Structures are given as C-alpha cells and as structure tokens.
Amino acid sequence: MTSYDAIVIGTGQAGPPLAAKLASAGQKVAIVERKLFGGTCVNTGCIPTKAMVASAYAAHIARKGGEYGVSIEGPIHVDMARVKARKDQISGQSRSSVESWLKGLANCTVYEGHALFLGPQTIQVSNSLLTAPHIFINVGGRASIPKLPGLDQIPYLNNSSMMAVDYLPHHLLVVGGSYVGLEFAQMFRRFGSEVTVIEKAPRLIHREDEDVSATVREILEKEGIRIELSSECIRFAKRGEDVTVGLDCKDSAREVTGSHVLLALGRRPNTDDLGLEKAGVAVDEKGFITVDDSLRTNVPGIWALGDCNGRGGFTHTSYNDYEIVAGDLLNGENRKVSDRITAYALYIDPPLGRAGMTDDEIRRSGRKALSGQRPMTKVGRAVEKGESQGFMKITVDAETKEILGAAILGIGGDEAIHCILDTMYAKQPYTTLQRAMHIHPTVAELIPTMLGELKPL
Ligand SMILES: Cc1cc2nc3c(=O)[nH]c(=O)nc-3n(C[C@H](O)[C@H](O)[C@H](O)COP(=O)(O)OP(=O)(O)OC[C@H]3O[C@@H](n4cnc5c(N)ncnc54)[C@H](O)[C@@H]3O)c2cc1C
C-alpha cells in the first residue's frame, strides 16, 4: 500500500490541473488514467470535433467561393482520410502534452489502469494499492445507449467510434437532434454525405427557446439536411447493407433508410464501475455523484469534479470545478458552483453562443423583463462576410436592469457572447454595456445598439 496526500482519478479537464496544483503546493499526489490522457474533450469531444468542423467549413466556403468572386474549377472534393489525419494530429498533440506534463510533474505519480475504490481512502489500480485522506473523482462520462427496439440488430456509431471514420458515409442517420448530433450532422453534410436528423421532441435543441430552435433548423435545412421531428417510436431494422429507422408510432410507413447510424442521445457518467459503494459515495438515480456547492460528496475527504457530478457537462464547467476545489483547499476562497452563470456554445456554423437564462426560463420565473433582438442581416460584419444567417437577442430585468440572458446565433456568436457574460459576472446593469464603445466592424458592436431598443418580453 502506497500512501499519498491526494489521489486524483481520471485525467479529464479537472484532474490534471488539480494534480499539478496540489503537487506544486508540496503534496504527494497520485493521478490515475485508464485509457487516453486528456479524456473526452481532448480525444473524442471538443477538440477533434472542432477540428472536423473546421475542415467542413473549408469545404463549405470553397463551394460557395463564387459568391465572393473566387472561382474554383471543378467540383470540390473532400479527402476524408486527410480530414481524419488532421483531426488526429491536433487531438494527438493535445493528448501527448497532457501525458508528458503529468509524467514530468514533481511530487506526482501517474498510474495507468482502472481505479477501483476498496474503501473511502483506498484505491486499487491493477496490482497497486493506494491510500490518501483526499480523493478527487474526475471520471467523466460516455455516450448513453438506450435500449431501443432493433438496436441490437444493427451496427451503429457514437461520438467515440466516429473518430475512426475516414470514409464518407453515403447517408448518415443522426439519431438525436441536440448539441452533439447537430455538429456531426452539419459537418458530414458539408463533407458530402446525405444527412437525416431524427429527433423525438417536436423541435431541435428543445432546451433552447423556440426562435433559436427554429432558426437552427432553417440553417441546417438550407444546407440540405433532412430533419425528422416528433419521432416518438424510434426503432431500427437492417435492410440489405442499409439501416431503416422507423419514426412514428401510428404511421408505420414513416421511416427513413440510410447507410450509417450515429447515436447522439445524451451522456451517462462513468460511475458504475468505480466501486463507489465500497467507499459509501452516494449517486443519484442517473448515476451522477451527488455533491454540495463546493463539490464535496457525502463522504468526507472525497470530491467529484466534471461531468460525473451532473453539475455541468462542458469542458469549461469541469475546469471551473477544478478552480472551485483548488481555491477552497489551498486558498480558503469558498467558491461555489452556484456562483457560476450558465454559458455554452453549439458549434454548428454559424455558432450559437448562450449566456444565462433562456426567455422561457425568464417568463417562468415571473420577472418583469425587457428584451432586444437583431437579425444578423443587420450586422455589418456578418453581411460583409457573406454569413448573415441567425440573430442575436438579450433579455434584462425591467426593474433592476440586470442582464438575465442572451443568445447570439450567428457568425462570431461564440466569442461575442462573452461581452454579455462578463458584464453579468461584473454584476453591472445593462446600461453599462449599452454605453460601451465597441470596435467597428464587429458582431459585438451591435450589442449596445440592441440594448437601446428593448421592448417588454
Ligand atoms: C462530441 C462531443 C463534443 C463536445 N464538445 C464540447 C465543446 O465544444 N465544448 C465543451 O465545453 N464541451 C464539449 N463537450 C463536453 C466535454 O467534452 C466534457 O464536458 C468534458 O470533457 C468533461 O470532462 P471531465 O473532466 O468531466 O472528464 P472526461 O474528459 O470525460 O475525462 C474522464 C477521464 O477519466 C478516465 N476514467 C474514467 N473512469 C476511470 C477509472 N475508473 N479509472 C481511471 N480513469 C478513469 C477516462 O478514461 C477519462 O480519460 C463535448 C462532448 C462530446 C461528446
């Protein structure tokens, strides 16, 4: 049995910086990884998908070069093997830099293998037994594969196996019309596949406001993606080399046939094979580890960070979890999860940047609110770039002038949303942002203008 001050399980977005911080503070640290250093974001999530989105964007712009006065002779060909090689190079570089960073850290020992709790302070990794008074769980999650009729009869892909695709699927059926599914749908359409998105709900990304969902749908349909909503009875059958997906409970003829199926039906935490019961760590009904506002589990000395605690689901929320725990333990900062403001992006093109509450949530809260909107056709920067799809909107509290929420669905939306987000963090009234002088020509320059045209929500 080897004793440490701290054991970190998993090398996702929170584990490595936490291990490094504790080790640099003089603690004796062990960090355990069972598969790929860097976890989901680096290997099968954000980084490789955004690299592929960039290749898809290049194909898209090449195809419409004529609109900009740039002629490219002949059809645009996408070499999928090179798309994959580029993605592998970017993702691989990131993975090896996490690995070499951790292996080079003073006071930190890296264990490669599956970590299993034997008790609240004891972990087994292969033949090694480790013990520590502080254990940090950062085990992330994986694609959720629900039991759908016929699924066991067909081959299917998920976000991890998609990473090995170096060919062009003739017709990709994307089951799940939310964040992960839509990014893959648009990129493969731009690579040249036929694409159908199958969604159970009556609209795409149904946690967003209806105007956002509708505009995202318009953007995707304009590129030739077929969208099947209200598909309440999804079932699968093999048809020769192809796969047929039945969609409707009443109308059995409503079905779609394609060459490949990608399941993008949410994520589940990697907590079922960790021996949590031996440590007495509580999980909720979906398997997420229950934590308090400082990310402490019910067992003293054990914390859970990142996707496995169900409090985030993004790289930036996992990294923020690290900052909360490290700030608490090393500097007594008393930071809380509930202090952070919802923020994320959907990386279709143009992207959606989101901050704070949706308009639906604001209406349900009963607050008196004012809202401003602007189509991207009235944003000079978007028009100049020939990318004027989408819109931006912002909603504020009519009495306190606090910014409550915003969405920028348009070119640069993932970046421009930060001027709104940071004003919210600074707890400044919207009038501060309204009076700021922004740079021309940018997308963000229209945010103050939009704030001058507020109407009741
Ligand atoms: C397709 C896709 C695209 C995404 N795009 C974005 C995006 O653009 N922006 C964004 O913010 N988020 C994105 N995400 C989400 C983001 O990837 C995750 O939120 C983020 O990686 C969470 O990291 P984590 O720290 O919780 O753990 P993870 O990154 O999942 O890492 C957990 C690590 O723990 C290891 N592990 C698990 N169990 C054990 C065990 N028992 N013993 C030892 N090691 C173990 C795993 O092997 C893994 O390496 C995307 C996700 C997907 C699937």
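Just so it is clear, the model here is predicted, and its values are computed rather than measured. Just follow the structure's listing: the first ligand is 1, and inside any ligand the first atom is 1. The first residue in the sequence is number 1, and the count goes up from there.
Considering backbone and side-chain N/O of Leu305, none are found under 3.5 Å from N/O of ligand 1. Polar contact check, Ser318 against ligand 1: a nitrogen or oxygen pair lies under 3.5 Å apart. For ligand 1, none of its N or O atoms has an N or O atom of Tyr347 under 3.5 Å away. Of the N or O atoms in Gly313, one or more lie within a sub-3.5 Å distance of an N or O in ligand 1. Inclusion of Asp307 in the set of residues having an N or O under 3.5 Å from an N or O of ligand 1 is warranted. Backbone and side-chain nitrogen or oxygen atoms of Ile9 are examined, and none is located within less than 3.5 angstrom of a nitrogen or oxygen of ligand 1. Geometrically, ligand 1 and Val180 share no nitrogen or oxygen pair separated by less than 3.5 Å. At a 3.5 angstrom cut-off on N or O pairs, Gln13 counts as close to ligand 1. Annotation: Glu33 places an N or O atom under 3.5 Å from an N or O atom of ligand 1; distance criterion only. Ligand 1 has no N or O atom lying under 3.5 Å from any N or O atom of Glu183, backbone or side chain.
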| task | Kindly determine whether Arg217 and Glu199 satisfy salt bridge (charged side-chain N to carboxylate O under 4.0 Å, His left out), including the steps that lead there. | result | CA-CA 12 Å; Arg217 179 180 178 174; Glu199 167 57 48; over 6 Å; no
| request: Run the numbers on Arg354 and Asp414 for side-chain contact (heavy atoms from CB on, under 4.5 Å), then give the verdict. | output: CA-CA 8 Å; Arg354 279 265 305 107; Asp414 52 332; over 6 Å; no
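Each of the following atoms of ligand 1 lies closer than 4.0 Å to a heavy atom of Asn159: 1 (C), 53 (C). Interface of Gly306 with ligand 1, defined as ligand atoms under 4.0 Å from a residue heavy atom, comprises 26 (O). Here is the list of ligand 1 atoms found below 4.0 Å of a heavy atom in Gly12: 25 (O), 27 (O), 28 (P), 29 (O), 31 (O). Proximity to Gly140 (heavy-atom distance under 4.0 Å) selects the following atoms of ligand 1: 26 (O), 27 (O), 28 (P), 30 (O), 32 (C). Under a 4.0 Å criterion applied to the non-hydrogen atoms of Leu274, ligand 1 contributes the atoms 41 (N). Remark: ligand 1 atoms within the under-4.0 Å shell around heavy atoms of Thr49 are 1 (C), 3 (C). Close approach of ligand 1 to Thr44 (heavy-atom distance below 4.0 Å) involves ligand atoms 1 (C). Numbered from 1 in the order shown, with element, the atoms of ligand 1 that lie under 4.0 Å from a heavy atom of Leu36 read 49 (O).
At least one heavy atom of Gly113 sits closer than 4.0 Å to an atom of ligand 1.
There is a side-chain donor-acceptor pair under 3.5 Å between Thr244 and Thr257. Remark: the Asn159 side chain and the Arg267 side chain contain an N/O donor-acceptor pair separated by less than 3.5 Å. Checked by atom type, the side-chain pair Asp242/Ser259 shows no donor-acceptor distance below 3.5 Å. Between Thr11 and Glu33, the side chains place a donor N or O and an acceptor N or O closer than 3.5 Å (distance only, hydrogens not considered). Using a 3.5 Å distance cut-off with no hydrogens or angles, the side chains of His171 and Thr196 do pair a donor with an acceptor.
Given atom 21 (O) of ligand 1, the protein heavy atom at minimum distance is Cys41 N, 3.2 Å. Atom 37 (C) of ligand 1 has as its closest protein heavy atom Val139 O, 3.2 Å. Of the protein's non-hydrogen atoms, Lys50 NZ, 3.2 Å is the one closest to atom 5 (N) of ligand 1. The protein heavy atom nearest to atom 10 (C) of ligand 1 is Thr315 N, 3.6 Å. Among all non-hydrogen protein atoms, the one lying nearest atom 42 (N) of ligand 1 is Ala115 N, 2.9 Å. When hydrogens are left out, the protein atom nearest atom 36 (N) of ligand 1 is Arg34 NE, 3.8 Å; that is the closest non-hydrogen contact. Protein heavy atom at the shortest distance from atom 7 (C) of ligand 1 is Cys46 CB, 3.5 Å. Closest to atom 30 (O) of ligand 1 among all protein heavy atoms lies Thr40 OG1, 2.5 Å.
Side-chain atoms of Ser91 never come within 3.5 Å of backbone atoms of Lys87 as a donor-acceptor pair (strictly under, hydrogens ignored).
Under 4.0 Å is where a charged nitrogen must lie from a carboxylate oxygen, and between Asp307 and Arg311 no such pair does. Between Asp360 and Arg364 there is no salt bridge, since no side-chain nitrogen of the basic residue lies less than 4.0 Å from a carboxylate oxygen of the acidic one. For the pair Glu218 and Lys222, the salt-bridge criterion is not met [side-chain N within less than 4.0 Å of a carboxylate O]. Here Arg340 pairs with Asp321 in a salt bridge; the nearest charged N to carboxylate O distance falls below 4.0 Å. Salt-bridge formation is detected for the pair Lys393/Asp211: a Lys NZ or Arg NE/NH1/NH2 atom is positioned less than 4.0 Å from an Asp or Glu carboxylate oxygen.
Both the sub-6.0 Å distance and the 45° axial angle are satisfied by Lys28 relative to the ring of Tyr4.
The option with the heavy atom closest to atom 2 (C) of ligand 1, from among Gly141, Gly181, Ala264, Gly45, is Gly45.
Ring to ring, Tyr167 and His260 are close: their centroids are under 6.0 angstrom apart.
Taking the six-membered ring for Trp and thresholds of 30 and 60 degrees, His316 and Phe314 have nearly parallel ring planes, at less than 30 degrees apart.
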